[in-house]
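Working notes, structure below.
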Number of protein chains: 2
Amino acid sequence: MASERPLRADARRNRERLLSVAVQALSREGAAVSLEAIARQAGVGIGTLYRHFPTREALIDAAYQGELDRLCDRVEDLLAAAPAQRALRAWMSHFVDYMGTKRGMGDALRALIASGGDPFARSRDRLTGAVATLLGAGRADGTLRADVAPDDVLVSLSGVSLATAERRDRDQVDRLLDLLMDGLRPR
Amino acid sequence: MASERPLRADARRNRERLLSVAVQALSREGAAVSLEAIARQAGVGIGTLYRHFPTREALIDAAYQGELDRLCDRVEDLLAAAPAQRALRAWMSHFVDYMGTKRGMGDALRALIASGGDPFARSRDRLTGAVATLLGAGRADGTLRADVAPDDVLVSLSGVSLATAERRDRDQVDRLLDLLMDGLRPR
DNA sequence: AGGCTAACCGGAGGTTCCTCCGTATCATTC
DNA sequence: GAATGATACGGAGGAACCTCCGGTTAGCCT
């Protein structure tokens, strides 16, 4: 694999312009933006947009990658401030919040979490890594089970996000997360 | 509410024809069927289809309502054959199986589960009822917690379905359901 | 029967989606 | 600095989405 030949100059220019327009458009109009509008605004043809970002999810994913990194970075702070169990619970909240805020991240998320495919692998790995760190700390301090795979937790978490996407019922989300946590504690 | 004036003769005819075509088309081509194709095949205009089924989900929901009823009906048998905890776990498997088989039920499901709105209320209530029965039995025989709302379990379950929709990983689904069950047992 | 009206029908039309491929542009080599 | 692949660009085109509203009927009433 790999062999990422460095993009041609014009290609990189276009890619960047598309991304910056997309970020604005997404936070302004939500996930259902017209891709054609984005292309137009970026001054490129629709074909160019699709070449750089083969699916709507790919575009959204790329647009939010920065913030998603920040989400993963919080793990350290959380672990410094509380025992693993509490840190994990807090991070879950942040995760769901984030997915909720960025309207339409939801759909991208499903593709992302489900992807065995390469395109989103980076984001996926970051998320799995974050969960793994939290679970690891939990195993160390004994507040979390040791026999659960990070990936399973991540997928469960995405399930909660997806299932609660439309009726934004904060209380229910909390209850679902608590339920999940109950399953993650040693008996 | 209510006031369901009985559909006019032609309307009912069309509705039924649409439904029967939809059932075939859905099991043949999955959720992404072209609605225009269905309308064409049923010999009605696209407008007629949209009047009867305002969204794709509404159509899918209606198409599968029969089978979904059967799913809910299984609860009794399961409860007769095993303690509540095991019955619930088995029903969960059936639920996820069902959602997986009927490709694209997934998307309908999200709308359905999330709907505070009337249109899908019937299916929704049936499902919630099924879970409530199982939980009730669990409370009675002490194998399940008494402080969890049926609705929360249903939404969690739909979360598992949604999150695992594309990579059909049977083992992972089982693990996620086990995790959920762990949260539902009394400590 | 004949007439009336609420209810229903159908499809044109404006958008968006995504693909495909001829043309234009870059970058490398001589 | 010209030639020549390799890459990237752009938009036409066909399919599908969903809405809207003028025209058509079924069912009721006299």
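Naming convention: chains lettered A, B, ... in sequence-line order (proteins, then strands); numbering from 1 in each chain. Remember, predicted model here, so these are calculated numbers, not experimental data.
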Whole Å only: how far is the [atom1] atom of [X] from the [atom2] atom of [N]?
| X | N | atom1 | atom2 | result |
| --- | --- | --- | --- | --- |
| B/Arg17 | C/dG10 | CZ | C1' | 14 Å |
| B/Leu7 | D/dT25 | CG | P | 19 Å |
| B/Arg13 | C/dC9 | CZ | P | 9 Å |
| B/Arg56 | C/dC17 | CZ | C1' | 13 Å |
| B/Phe53 | C/dC8 | CZ | P | 13 Å |

Q | Given DNA chain D, 5'-ward residue of the pair B/Asp10 and B/Arg40, judged by closest heavy atom | A | B/Arg40
Q. Relative to the 5' end of DNA chain D, which residue comes earlier, B/Ala9 or B/Tyr50, by the nucleotide with the nearest heavy atom?
A. B/Tyr50
Report yes if at least one side-chain N or O of [X] is closer than 4.0 Å to OP1 or OP2 of [N]; otherwise report no.
| X | N | value |
| --- | --- | --- |
| A/Asn14 | D/dA8 | no |
| A/His52 | D/dA8 | no |
| A/Ser34 | C/dT15 | no |

Q: Examine the side chains of A/Asp141 and A/Gln85 and answer whether a donor and an acceptor come within less than 3.5 Å of each other.
A: no
Q) Quick one: which of B/Arg145, B/Arg187, B/Arg185 gives a salt bridge (Lys or Arg N to Asp or Glu O under 4.0 Å) with A/Asp182? A) B/Arg145
Q) What distance do B/Leu78 atom CG and B/Arg86 atom CZ have between them, rounded to the nearest 0.5 Å? A) 11.0 Å
Q.
Regarding A/Asp61 and A/Arg124, does a basic nitrogen lie under 4.0 Å from an acidic carboxylate oxygen?
A. no
Q | Backbone N/O of A/Arg8 and side chain of A/Arg13: donor-acceptor pair under 3.5 Å | A | no
Q. Between the base of D/dA8 and the side chain of A/Arg51, is there any donor-acceptor pair under 3.5 Å?
A. no
As a test of reading the structure: which of [options] is closest to the side chain of [X], going by heavy atoms?
| X | options | result |
| --- | --- | --- |
| A/Glu36 | C/dA27, C/dC17, D/dG11 | C/dC17 |
| A/Ile46 | D/dC17, D/dA12, C/dC17 | D/dA12 |
| A/Ala11 | D/dT19, D/dC9, D/dA26 | D/dC9 |

Q | B/Gly45 vs B/Arg8, nearer the 5' end of DNA chain C by closest nucleotide | A | B/Arg8
Q | Of A/Gly47 and A/Val33, the one whose closest DNA chain C nucleotide lies more 5' | A | A/Val33
Q: Could you tell me whether B/Thr48 contacts a base, only the sugar-phosphate backbone, or nothing, with contacts defined as non-hydrogen atoms closer than 4.0 Å?
A: base
